[in-house]
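Here's the structure, in structure tokens; my notes come after.
Lettering of chains follows the sequences in order, A, B, ..., and the numbering in each one begins at 1. Hydrogens, waters and symmetry mates play no part in the numbers below; they use all other heavy atoms, side chains included.
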2 protein chains.
Amino acid sequence: MQLEKLVHFHKIMGDPTRIKILALLSHGPLHGQAIAGKLGKTAPTITHHMTKLREINAIRERREKNTIYFELNLDSLRGQTTALLTLIQGKEREMESMTLTAEKLAVVRNFLDKEGRLKNIPAQKKKKLMVLEYLVQGLELGKRYPERELNEYLKQYHEDFATLRREFIMHQFMYRENGIYELNPPEMWDNKPVPSSH
Amino acid sequence: MQLEKLVHFHKIMGDPTRIKILALLSHGPLHGQAIAGKLGKTAPTITHHMTKLREINAIRERREKNTIYFELNLDSLRGQTTALLTLIQGKEREMESMTLTAEKLAVVRNFLDKEGRLKNIPAQKKKKLMVLEYLVQGLELGKRYPERELNEYLKQYHEDFATLRREFIMHQFMYRENGIYELNPPEMWDNKPVPSSH
DNA sequence: TGTCTAATTAGATAGTAATCAAATCACCAT
DNA sequence: ATGGTGATTTGATTACTATCTAATTAGACA
């Protein structure tokens with residue numbers, strides 16, 4: 001359910017220590033003990049909070065020998081902060097923003113071969129997002145996709161379905177709940193600008 | 001402290017019932033019992049949640065004979081949802097958005113007499129917001145103003161300092177904590193559009 | 001004045017969550 | 001192997017909060 005995710009996000013954010021962690025990370029990546037030091041908390045406490053932040057996809061991590069560096073996932077945070085607003089301000093538009101503009105389509109077409117399969121996955125982020133948006137058109141809003149079914153769908157476009165599936169999650173096109181995938185509303189996708197005020 | 005407010009906002013939002021209430025109100029105003037009915041909760045429970053929502057300025061209320069109608073305060077919600085983002089994404093700009101544009105100033109000037117005092121407080125909301133922004137220029141970001149000091153400052157511009165002070169709070173230019181007033185960051189002011197994505 | 005309706009307050013209960021100390025795990029380097 | 005360092009798990013403690021029932025307040029109206 002969509003509501004649960006929104007609530008969960010805000011519940012996670014409703015804690016001073018976690019907000020401080022995010023503020024710290026906004027200056028650059030840090031490892032666990034550094035965070036613990038700066039906040040005057042013990043290591044287990046930081047682990048606890050990082051687990052929570054991971055649940056809502058607020059951070060990414062990279063390990064280097066024994067220590068783990070955490071950094072913000074700004075795209076994800078942006079999407080989720082605005083999700084509440086889009087839920088609240090007028091139910092009018094729902095599918096409207098779901099259609100690709102013509103000029104985006106032109107870009108995407110460069111990555112397709114004559115059979116309509118992906119020649120490769122764009123490395124450039126902006127273009128990658130356009131391709132992801134293109135792929136997501138074939139999925140249904142509100143429908144629940146078991147992982148196997150999603151893989152089948154993606155394999156039509158590229159053999160590396162696992163990467164595509166991961167990108168869907170990473171960029172908030174879909175979310176996963178016990179192995180079941182489902183589309184997020186378009187407002188949460190990473191390629192969408194923040195909606196203008198009502 | 002600014003952090004506390006952010007945390008409080010998210011803590012309040014981290015509850016399914018409250019999110020449902022906001023979603024209901026997005027269709028139009030409702031009174032307490034109607035909300036209770038639609039959500040299958042008792043009246044005291046709704047009162048409880050309304051108190052919380054009031055704390056973060058998420059709702060406005062209007063009474064009609066014996067029943068109270070609640071409605072969303074969208075401006076306030078918009079400001080607070082984006083506050084987290086602006087805290088997190090790069091510390092670069094801070095004062096940048098604090099300057100009035102020339103065309104806004106032109107509007108404001110119509111409300112000032114030759115001594116620079118307010119001839120009256122604009123009734124039209126958009127103009128009122130411009131005037132408030134103008135007044136707030138003389139205050140210092142990060143400084144704490146006891147109520148008496150704030151009154152003195154406002155009295156320079158208009159004898160009805162109480163109204164102005166109330167408007168500052170209502171439109172998120174300032175917040176109050178045990179009788180002490182302090183500026184909110186410009187991103188929270190009601191007259192600011194939602195900031196575009198990074 | 002008394003009655004009806006809507007809202008609030010008070011008090012109780014049950015569930016959740018932040019934090020720490022102690023123990024454990026995982027990887028690295030000698 | 002063995003010792004070291006950083007991260008995680010476990011268990012206990014404490015504090016908070018959503019929800020209900022019962023009691024109370026506050027207007028409106030007749």
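- With DNA chain D read from its 5' end, the first of the two nearest nucleotides for B:His48 and B:Pro44 is the one closest to B:His48.
- C:dT9 atom P lies 14 Å from atom CE of B:Met50, rounded to whole Å.
- The backbone N or O of B:Ile56 sits less than 3.5 Å from a side-chain atom of B:Gln80, completing a donor-acceptor pair.
- Of all nucleotides listed (C:dA7, C:dA18, D:dA18), C:dA7 comes nearest to the side chain of B:His31.
- At whole-Å resolution of the value, CG in A:Leu53 and P in D:dT8 are 12 Å apart.
- Among all heavy-atom pairs drawn from B:Arg78 and B:Thr82, the shortest one is O-OG1, 3.0 Å.
- Rounded to an integer number of Å, the gap from A:Asp15 CG to C:dT16 P is 17 Å.
- A donor-acceptor contact under 3.5 angstrom links the side chains of B:Asp160 and B:Thr163, judged on distance only.
- Distance from the side chain of A:Thr42 is smallest for C:dA21 among the nucleotides C:dA21, C:dC27, D:dT17.
- Along DNA chain C, the nucleotide nearest A:Gly40 and the nucleotide nearest B:Thr67 are compared for position; the residue whose nucleotide lies closer to the 5' end is B:Thr67.
- Of all nucleotides listed (C:dT19, C:dT8, D:dA18), C:dT8 comes nearest to the side chain of B:Thr47.
- Side-chain proximity of A:Lys41 to C:dA18, C:dC20, D:dA7: nearest is C:dC20.
- B:Arg63 has no side-chain polar atom (N or O) that falls below the 4.0 Å cut-off from OP1 or OP2 of C:dA6.
- A sub-4.0 Å separation between OP1 or OP2 of C:dT5 and a side-chain N or O of B:Gln33 is absent.
- Whole-Å rounding puts the A:Ile12 CD1 to C:dT16 P distance at 14 Å.
- If you measure from atom CD of A:Glu55 to atom P of C:dA17, you get 9 Å, rounded to the nearest angstrom.
- The CG-P distance, from A:Leu39 to C:dT19, rounds to 10 Å in whole Å.
- At distances below 3.5 Å, at least one donor-acceptor pair connects side-chain atoms of A:His10 with backbone N or O atoms of A:Leu6.
- One end of the helix from C:dT1-D:dA30 to C:dC27-D:dG4 points its axis 30° away from the other end's axis, with each axis taken from 5 pairs and the angle rounded to 10°.
- Without hydrogens or angle criteria, A:Arg18 side chain to A:Ile12 main chain gives a donor-acceptor distance under 3.5 Å.
- Distance, A:Glu61 CD to D:dG6 C1': 14 Å, rounded to whole Å.
- Counting non-hydrogen atoms under 4.0 angstrom, B:Thr51 reaches nothing in the nucleic acid.
- When the ring pair (Phe, Tyr, Trp, His ring centres under 6.0 Å) test is applied to B:His31, the partners found at least two apart in sequence or on another chain are B:Tyr69.
- Protein atom CZ of A:Phe70 is 5 Å distant from nucleotide atom P of D:dT8, rounded to whole Å.
- Using a 4.5 Å heavy-atom threshold, the side chains of A:Met170 and A:Arg60 count as touching.
- Here A:Ile46 contributes atom CD1 and A:Leu39 contributes atom CG; the two are 5.5 Å apart, rounded to the nearest 0.5 Å.
- The side chain of A:Ile68 sits closest to D:dT8 out of C:dA7, D:dT8, C:dA18.
- In this model, the phosphate group of D:dT19 is approached by a side-chain N or O of B:Thr17 to a distance below 4.0 Å at OP1 or OP2.
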